[in-house]
Protein chains: 2
Amino acid sequence: MNISAASKAAGLPAKTVRYYADIGLVPAPARSESGYRSYDGASVRKLVFVRRAREFGFSISECRELLGLYEDRRRSSADVKRIAARRLAEIALKQKELQSLHDELAHLVDACRGDDRPDCPIIDGLGARRAG
Amino acid sequence: MNISAASKAAGLPAKTVRYYADIGLVPAPARSESGYRSYDGASVRKLVFVRRAREFGFSISECRELLGLYEDRRRSSADVKRIAARRLAEIALKQKELQSLHDELAHLVDACRGDDRPDCPIIDGLGARRAG
DNA sequence: GCTTGACCTTCCAGTAACTGGAAACACTAT
DNA sequence: ATAGTGTTTCCAGTTACTGGAAGGTCAAGC
């Protein structure tokens, strides 16, 4: 399996597949005689795992941790749950921030007539923070 | 007003204030005889404007646009509203993504006993995408 | 006048996680 | 033989800063 087949199977760009091996996130693949990278099912499964974890917003360094646990037959669920719960808390926080951002900006957009006149509550609203 | 006073007034690190002038986002400030940057109220107002816009998630390039409109006495509300509405749509999309991410990860965390046993729904759930 | 310390300057490098592109080699089909 | 596609390495660029080194400036205290 050359890199483009593996990258298609994993759902990642070939560049990214190379990159993940370069930084040691996944093991460097075997090479053909001519130097082509050669992938098997196990490598692809790891790449899928990493892609999924990245989609969940885990950082590369968290992916390293998770991948370690993924490969370790003796890992406890507790370790994994700890990392996932931390990530979940970050997501919840991000959601709250995004919500207040949305509300504030939506308020400004609503207050803006959107016509040709220079008077604009959005610009005014960006100029100074209101209480809250 | 030296840079640290201006940066405090604007609510930005001094490094960032320098950076914004370096990339031409705000005009380069006047200099004292000894080469110190010297800020006035107008520069500070612009910096506050940029800080606020950045807090709203506008990119530097969008800030450039908005700042241009902010400074242009003849700008129409429509221009500003268009940029803000686009940003609002992006925020809404991000919110939806974050929500499904949250739900899926929360589901996995709930399904995990979090004990010492190696059986772990989170790890399993990262390995393959379920329908949905 | 001299020192101390805070503040200022420029410049270079690093961060996260890739992505784009050039130059050159390998493989396949015609 | 040649064309076209796939692959390799390596370097640079992206975004929006941030950290740090080396050195100049200013005000206060002795």
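Only a predicted model underlies this, so the values are computations on that prediction, with no experimental measurement involved. We name chains A, B, ... by the order of the sequence lines, and we start the count at 1 in each one.
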Between D/dC17 atom C1' and B/Glu55 atom CD, what is the distance in whole Å?
15 Å
Gap between atoms CZ and P, on A/Arg51 and C/dA17 respectively (whole Å)
17 Å
Could you check whether B/Ser59 gets within reach of a base, just the sugar-phosphate, or nothing at all, counting any heavy atom under 4.0 Å?
sugar-phosphate
Contact list for DNA chain D against residues 35-45 of chain A - heavy-atom distance below 4.0 Å
A/Gly35, A/Tyr36, A/Arg37
Please find the pair of heavy atoms, one from A/Leu67 and one from A/Leu25, that lie closest to each other, and give the distance.
CD2-O, 3.3 Å
Report the residues that fulfil side chain to side chain contact (heavy atoms under 4.5 Å, CB included) with A/Ala9, sequence neighbours left out, ordered by chain and then residue number.
A/Met1, A/Val44
May I have all residue pairs that pass salt bridge (Lys or Arg N to Asp or Glu O under 4.0 Å) and include part of residues 58-71 of chain B, sequence neighbours excluded?
B/Lys46-B/Glu71, B/Glu62-B/Arg86, B/Glu65-B/Arg86
Students often get this wrong, so: under 4.0 angstrom with heavy atoms, is B/Arg18 touching a base, only sugar-phosphate, or nothing?
base
Hey, is the side chain of B/Ser34 poking within less than 4.0 Å of OP1 or OP2 on C/dT9, counting only N and O atoms?
no
With a non-hydrogen cut-off below 4.0 angstrom, is A/Ile23 in contact with a base, only sugar-phosphate, or nothing?
nothing
Could you check how far CD of A/Glu33 sits from P of D/dG6, rounded to whole Å?
22 Å
On a heavy-atom basis, the closest approach of B/Ala10 and B/Leu47 is CB-CB, 3.6 Å
From CZ of A/Arg31 over to C1' of D/dT8, roughly how many Å is that when rounded to an integer?
8 Å
Indicate yes or no: at least one non-hydrogen side-chain atom of A/Val80 is less than 4.5 angstrom from one of A/Tyr70.
no
Does A/Arg51 use its side chain to pair, donor to acceptor, with the backbone of A/Leu12 at less than 3.5 Å?
no
Sugar-phosphate atoms are those with a prime plus P, OP1 and OP2; base atoms are the rest. Using that split, label each nucleotide of nucleotides 19-24 of chain C B, S or - for protein heavy atoms under 4.0 Å, 5' to 3'.
SBB---
Rounding to a whole Å, what distance do you find between A/Phe58:CZ and C/dA17:P?
13 Å
Who are the side chain to side chain contact (heavy atoms under 4.5 Å, CB included) partners of B/Tyr19, not counting sequence neighbours?
B/Ile23
When you check the phosphate oxygens OP1 and OP2 of D/dA16, does a side-chain N or O of B/Tyr20 lie under 4.0 Å from one of them?
no
Atom CG of B/Asp22 and atom C1' of D/dT15 are separated, to the nearest Å, by 15 Å
Distance-only criterion, 3.5 Å: show the donor-acceptor pairs between side-chain atoms of residues 32-41 of chain A and protein atoms not counting sequence neighbours.
| from | atom 1 | to | atom 2 | distance (Å) |
| --- | --- | --- | --- | --- |
| A/Ser32 | OG | A/Ser34 | N | 3.3 |
| A/Ser32 | OG | A/Ser34 | OG | 3.1 |
| A/Ser32 | OG | A/Gly35 | N | 3.4 |
| A/Ser32 | OG | A/Tyr36 | N | 3.1 |
| A/Asp40 | OD1 | A/Ala42 | N | 3.4 |
| A/Asp40 | OD1 | A/Ser43 | N | 3.0 |
| A/Asp40 | OD1 | A/Ser43 | OG | 2.4 |

What is the distance, to the nearest angstrom, from the CG atom on A/Asn2 to the C1' atom on C/dT28?
13 Å
Please state how far atom CZ in A/Arg64 lies from atom C1' in C/dA16, giving the value in whole angstrom units.
12 Å
Give the minimum heavy-atom separation between A/Ala106 and B/Leu88, together with the two atoms involved.
CA-CD2, 3.7 Å
